[in-house]
A.B. asks: 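Got a structure here, written out as structure tokens. Questions coming.
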Amino acid sequence: MLRAIFYKEWLKTRWYYLVAVLLSLGFVGYVLLNFFRAAGLKGIAHLWEVMLLRDAVFVELLQFVPLVVGLLFAVVQFVPEMQRKCLKLTLHLPCPELRMIGAMLLYGVLLLGALFAVSLGVLFVAFRAVLTPELVRHILLTAAPWYAAGIAAYLLAVWICLEPTWRRRLLYGAVAACVLRLFFLAPTPEAYDGFLPWLTLCTLCTASWSWWSVVRFKEGRQD
């Protein structure tokens with residue numbers, strides 16, 4: 001059953017996922033291109049000095065890319081389900097409802113996680129060729145909350161998309177905005193080092209919120 005659900009979700013999202021891969025890796029490539037072009041013009045020693053003295057990380061352009069990718073993934077995956085009332089049919093399949101929704105969420109998290117891991121991996125390989133491990137770690141830890149925000153944005157957007165009433169969607173949207181704001185409070189590089197475990201826990205907790213909307217949807221509640 002899990003394989004069948006994954007295949008169904010893949011048919012819905014495969015074209016968007018291809019665009020998301022191209023977009024994400026395109027931004028990563030653009031960041032690296034700018035970095036190595038600056039290194040060629042001014043020398044890698046100058047960039048080291050800038051990173052050490054000015055706390056630069058050279059990846060600020062990526063800050064909101066995972067957030068947008070995660071939000072749009074949820075919209076592409078679940079809005080058609082709600083518009084065509086397909087979710088009601090899905091919930092009547094011979095499979096526990098919680099397991100069904102959990103599998104759909106797991107599919108999205110796995111694909112986004114794979115994409116974000118590849119993006120960070122490309123950054124690691126490219127920067128490791130010219131920077132010390134400490135500087136590479138500095139860059140990746142600065143970017144880590146942005147990619148965690150992409151997963152959280154996906155889960156929160158699913159929660160909103162599955163809600164059957166617009167009034168509550170607006171309320172959930174305000175709550176989601178406050179939660180996502182937590183990932184972007186501190187602009188200082190590595191400001192979230194000690195807070196990353198809590199951000200991860202917060203992200204995992206949002207996965208359960210979609211169940212509230214599913215219960216309301218199945219019961220046809222309009223309050």
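Quick caveat: nothing in here was measured; it's all calculated off a predicted structure.
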A.B. asks: Nearest 0.5 Å, what's the CZ-CG distance between F36 and L47?
C.D. replies: 9.5 Å
A.B. asks: For the side chain of R54 and the backbone of M51, is there at least one donor-acceptor N/O pair under 3.5 Å apart?
C.D. replies: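 No; judged by distance alone, with no hydrogens or angles, the pair does not exist.
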A.B. asks: Does F127 have its ring centroid less than 6.0 Å away from the ring centroid of F35?
C.D. replies: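 Yes, the ring centres sit under 6.0 Å apart.
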A.B. asks: At what distance, to the nearest 0.5 angstrom, does CD1 of I5 lie from CG of L106?
C.D. replies: 10.0 Å
A.B. asks: Closest approach of S210 and W159, non-hydrogen atoms and distance?
C.D. replies: OG-N, 3.5 Å
A.B. asks: Nearest 0.5 angstrom please: L111 CG to F6 CZ, how far?
C.D. replies: 8.5 Å
A.B. asks: For the pair S24 (side chain) and V21 (backbone), establish whether a donor and an acceptor sit closer than 3.5 Å, ignoring hydrogens and angles.
C.D. replies: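 Checked: no pair found.
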A.B. asks: Run L67 and F183 through side-chain contact (heavy atoms from CB on, under 4.5 Å) and show every step you take.
C.D. replies: CA-CA 10 Å; L67 179 73; F183 293 82; over 6 Å; no
A.B. asks: Minimum heavy-atom separation for L196 and P145, please, with both atom names.
C.D. replies: CD2-CG, 3.9 Å
A.B. asks: Quick one: does any side-chain atom of Y154 pair with a main-chain N or O of F73 as donor and acceptor, under 3.5 Å?
C.D. replies: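 Between the backbone of F73 and the side chain of Y154 there is no qualifying donor-acceptor contact (under 3.5 Å).
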A.B. asks: If you take all heavy atoms of A74 and C161, which pair is closest and at what distance?
C.D. replies: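 Of all heavy-atom pairs spanning A74 and C161, the closest is O-SG, 4.3 Å.
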A.B. asks: Would you say F124 has more than 12 foreign heavy atoms packed within less than 6.0 Å of its CZ?
C.D. replies: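 It does not: F124 CZ has 12 such atoms or fewer within range.
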A.B. asks: Over all heavy atoms of both residues, which pair between I160 and G173 is shortest? Give the atoms and the distance, please.
C.D. replies: CD1-CA, 3.6 Å
A.B. asks: Tell me if a side-chain donor or acceptor on E163 pairs with a main-chain N or O of L170 at a distance below 3.5 Å.
C.D. replies: no
A.B. asks: Kindly indicate whether the side chain of V76, heavy atoms from C-beta on, has any atom under 4.5 Å from the side chain of Y17.
C.D. replies: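 They are not in side-chain contact.
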A.B. asks: What about L155 and L204, same hydrophobic cluster or not, with Ile/Leu/Val/Met/Phe/Trp/Tyr joined at side-chain heavy-atom distances under 4.5 Å?
C.D. replies: no
A.B. asks: Can you check side-chain contact (heavy atoms from CB on, under 4.5 Å) on L156 and Y172, steps first, answer last?
C.D. replies: CA-CA 8 Å; L156 289 167; Y172 294 170; over 6 Å; no
A.B. asks: At what distance, to the nearest 0.5 angstrom, does CG of L105 lie from CD1 of I151?
C.D. replies: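 CD1 of I151 is found 11.5 Å from CG of L105.
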A.B. asks: Show your reasoning for whether side-chain contact (heavy atoms from CB on, under 4.5 Å) applies to M104 and V158.
C.D. replies: CA-CA 10 Å; M104 296 169 75; V158 171; over 6 Å; no
A.B. asks: Taking the six-membered ring for Trp, are F116 and Y147 parallel (under 30°), tilted (30 to 60°) or perpendicular (over 60°)?
C.D. replies: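 F116 and Y147: perpendicular rings.
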A.B. asks: For F184, look at atom CZ and say whether over 12 heavy atoms of other residues, nucleotides or ligands are found less than 6.0 Å away.
C.D. replies: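 Counting other residues, nucleotides and ligands, CZ of F184 exceeds 12 neighbours.
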A.B. asks: Which heavy atom of R128 sits nearest a heavy atom of P133, and at what distance?
C.D. replies: NH2-CG, 3.4 Å
A.B. asks: Please report the interatomic distance CZ(R181) to CG(L185), rounded to the nearest 0.5 Å.
C.D. replies: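 R181 atom CZ to L185 atom CG measures 5.0 Å (nearest 0.5 Å).
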A.B. asks: Given side chains that start at C-beta, do those of S119 and L115 come closer than 4.5 Å, heavy atoms only?
C.D. replies: yes
A.B. asks: At their closest point, which heavy atom of L180 faces which heavy atom of A149, and how far apart are they?
C.D. replies: CD2-O, 3.9 Å
A.B. asks: F78 ring centre to K12 NZ or CZ under 6.0 Å, with the angle to the axis within 45°?
C.D. replies: yes
A.B. asks: T132 vs W48, test: side-chain contact (heavy atoms from CB on, under 4.5 Å). Steps then yes/no.
C.D. replies: CA-CA 9 Å; T132 64; W48 280 38; 3.1 Å; yes
A.B. asks: State yes or no: do V118 and L22 share one hydrophobic cluster built from I, L, V, M, F, W and Y residues joined by side-chain heavy-atom distances below 4.5 Å, directly or via other members?
C.D. replies: no
